Chemist: 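First the structure, which I've put down as structure tokens, then a few questions once you've had a look.
The shown structure was predicted, so the numbers you read here are calculated from the model rather than taken from an experiment.
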Amino acid sequence: MNLNKNFKKIFFSTLVIILGFIHLIPIYISLTVSLKRKVDLSSRWFFPKEFYFENFSYALEKAELFLAMKNSFIVTSLCIVLITSLGAMAAYPLARNKTLTNRVVLNLILAVMMVPPLSILVPLLTIMTKVHGVNTYWGIILTLTTFNLPLSIFLYSNFIHTIPRELEEAAMIDGCSQFKTFFTVIFPLLKPITATVIILTGVGIWNDYQFSVYLLQSTKMKVVTLAISSFFSQSSSNLGAAAAAAIIAVLPVITLYLFLQRYFIAGMTSGSIK
């Protein structure tokens with residue numbers, strides 16, 4: 001039995017290490033490409049003999065990466081605030097009141113998650129143009145929040161199922177209203193799943209291209225994905241500068257994950273238990 005357990009432990013540890021290396025390959029290749037000159041045609045698997053750091057300065061100046069990162073930060077931050085707050089408040093009654101209506105609503109929310117966002121791009125762009133939502137913060141924030149709310153509600157509702165009802169009953173006996181009970185008792189317990197929602201939706205919003213390319217057509221409103229795509233055209237491309245811009249743009253996401261990884265893992269495991 002001990003031999004089998006040790007074999008399984010070694011096998012799964014090796015598998016995790018291999019998968020980790022596979023996921024690191026794109027970052028590694030981006031790093032090697034970002035340190036090469038445009039005329040360097042050597043293998044992308046190897047670092048150059050001389051590092052060419054001008055790609056990073058060129059990416060910052062040519063693509064106005066600081067402006068793009070500022071716009072992405074504003075959009076992502078406000079979207080996360082709306083997604084976490086609205087998602088938690090919507091999931092609470094759906095998880096606690098098990099009525100037929102709530103079940104139908106929750107199933108409809110899950111069904112919305114299955115709809116490809118690009119399938120409604122034309123009517124969305126038409127509506128946004130009529131209400132002057134193109135090239136505005138509120139237009140892209142409203143769009144991205146709407147498409148990420150179903151996932152947030154789904155995760156929050158599953159997590160709230162694991163919280164004992166006795167905590168709410170005790171608070172109500174002490175005189176708390178249902179609204180106050182949610183914000184003083186339930187919401188503080190949602191830290192793990194909130195971290196999960198922030199990472200899953202935040203990364204998706206930071207990396208969004210499909211909506212940004214249509215709703216943010218002004219150069220002053222471009223985000224990091226549009227800034228990186230500016231290095232590619234039909235006639236030419238600058239892989240070194242694009243790779244350098246991608247590495248700079250991914251740093252905030254990595255930092256966010258490092259700060260929230262403990263809560264992220266706890267939220268994923270606890271939210272899967274009913």
Side-chain angles (χ1 to χ4, degrees), residues 26-27 29-30 33-34 38 55-83 86-87 112-152 197-257:
I27 298 177
I29 293 179
S30 296
V33 173
S34 67
K38 190 176 181 180
N55 282 328
F56 291 90
S57 59
Y58 181 79
L60 291 172
E61 295 174 6
K62 181 68 176 178
E64 297 180 307
L65 200 56
F66 282 132
L67 173 64
M69 292 182 71
K70 184 199 77 171
N71 291 333
S72 289
F73 180 78
I74 293 173
V75 171
T76 304
S77 300
L78 293 178
C79 282
I80 286 175
V81 171
L82 291 173
I83 290 168
L86 295 177
V112 171
M113 294 173 60
M114 307 301 171
V115 178
L118 289 179
S119 64
I120 59 172
L121 180 61
V122 174
L124 174 65
L125 186 58
T126 302
I127 294 173
M128 282 298 174
T129 303
K130 289 182 179 180
V131 299
H132 306 289
V134 179
N135 294 323
T136 61
Y137 283 123
W138 70 264
I140 189 68
I141 289 172
L142 180 63
T143 301
L144 294 175
T145 300
T146 302
F147 280 95
N148 284 277
L149 262 179
L151 176 62
S152 174
V197 172
I198 289 174
I199 291 176
L200 292 179
T201 60
V203 171
I205 293 170
W206 184 271
N207 294 330
D208 175 73
Y209 180 80
Q210 57 185 356
F211 291 123
S212 300
V213 71
Y214 294 103
L215 297 179
L216 301 177
Q217 300 172 5
S218 171
T219 56
K220 294 182 179 179
M221 292 297 299
K222 65 180 177 182
V223 291
V224 290
T225 51
L226 300 181
I228 295 172
S229 67
S230 65
F231 292 109
F232 299 94
S233 64
Q234 292 182 352
S235 58
S236 64
S237 61
N238 192 334
L239 293 179
I247 290 174
I248 297 173
V250 81
L251 292 178
V253 177
I254 294 175
T255 304
L256 176 67
Y257 178 76

Chemist: Do you know which two heavy atoms are closest between Leu216 and Thr136, and how far apart they sit?
Modeler: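 So the minimum-distance heavy-atom pair works out to CD2-O, 4.0 Å.
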Chemist: Is there a donor-acceptor pair closer than 3.5 Å between any side-chain N or O of Glu61 and the backbone N or O of Tyr58?
Modeler: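 Checked: no pair found.
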Chemist: Of all the heavy-atom pairs spanning Gly133 and Trp138, show the shortest one and how long it is.
Modeler: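 Distance-wise, the nearest heavy atoms are CA-CZ2, 3.5 Å.
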Chemist: Which heavy atom of Thr219 sits nearest to which heavy atom of Leu67, and what is that distance?
Modeler: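 So the minimum-distance heavy-atom pair works out to O-CD2, 4.0 Å.
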Chemist: Mind listing the closest non-hydrogen atom pair of Trp206 and Pro252 along with its distance?
Modeler: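 Reported closest heavy-atom pair: CZ2-CG, 3.9 Å.
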Chemist: To the nearest 0.5 Å, what is the distance between CG (Leu78) and CD1 (Ile140)?
Modeler: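 Reported to 0.5 Å precision, the distance equals 12.5 Å.
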Chemist: Of all the heavy-atom pairs spanning Lys222 and Asn71, show the shortest one and how long it is.
Modeler: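 For Lys222 versus Asn71, the nearest heavy atoms are O-ND2, 2.9 Å.
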Chemist: Roughly how far, to the nearest 0.5 Å, is the CG atom of Leu142 from the SG atom of Cys79?
Modeler: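 Nearest 0.5 Å value for the SG-CG distance: 9.0 Å.
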Chemist: Under 3.5 Å, sequence neighbours excluded: what are the donor-acceptor pairs made by side chains of residues 223-230?
Modeler:
unit_1, atom_1, unit_2, atom_2, d
Thr225, OG1, Asp208, O, 2.7
Ser229, OG, Thr225, O, 3.4
Ser229, OG, Leu226, O, 2.8
Ser230, OG, Ala227, O, 2.5

Chemist: List the atom pairs, with distances to 0.1 Å, where a side-chain N or O of residues 118-131 and a protein N or O form a donor-acceptor pair under 3.5 Å, not counting sequence neighbours.
Modeler:
unit_1, atom_1, unit_2, atom_2, d
Ser119, OG, Pro116, O, 2.5
Thr126, OG1, Val122, O, 2.8
Thr129, OG1, Leu125, O, 2.7

Chemist: Short question: side chain of Thr201, backbone of Asn148 - any donor-acceptor pair under 3.5 Å?
Modeler: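 No, Thr201 side chain to Asn148 backbone: no donor-acceptor pair under 3.5 Å.
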Chemist: Side chains of residues 240-249: which donor-acceptor partners sit under 3.5 Å, not counting sequence neighbours?
Modeler:
none

Chemist: Taking the side chain as C-beta and beyond, is there a heavy-atom pair between Phe231 and Leu239 under 4.5 Å?
Modeler: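 Side chain of Phe231 against side chain of Leu239, heavy atoms only: no contact under 4.5 Å found.
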Chemist: In the structure I gave you, are the side-chain heavy atoms of Tyr137 and Ile74 within less than 4.5 Å of one another anywhere?
Modeler: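 A side-chain contact exists here, since the closest heavy-atom pair is under 4.5 Å.
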Chemist: Identify the two heavy atoms, one from Leu65 and one from Ala59, that lie closest to each other, and give their separation to 0.1 Å.
Modeler: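 Smallest heavy-atom distance, with atoms named: CB-O, 3.9 Å.
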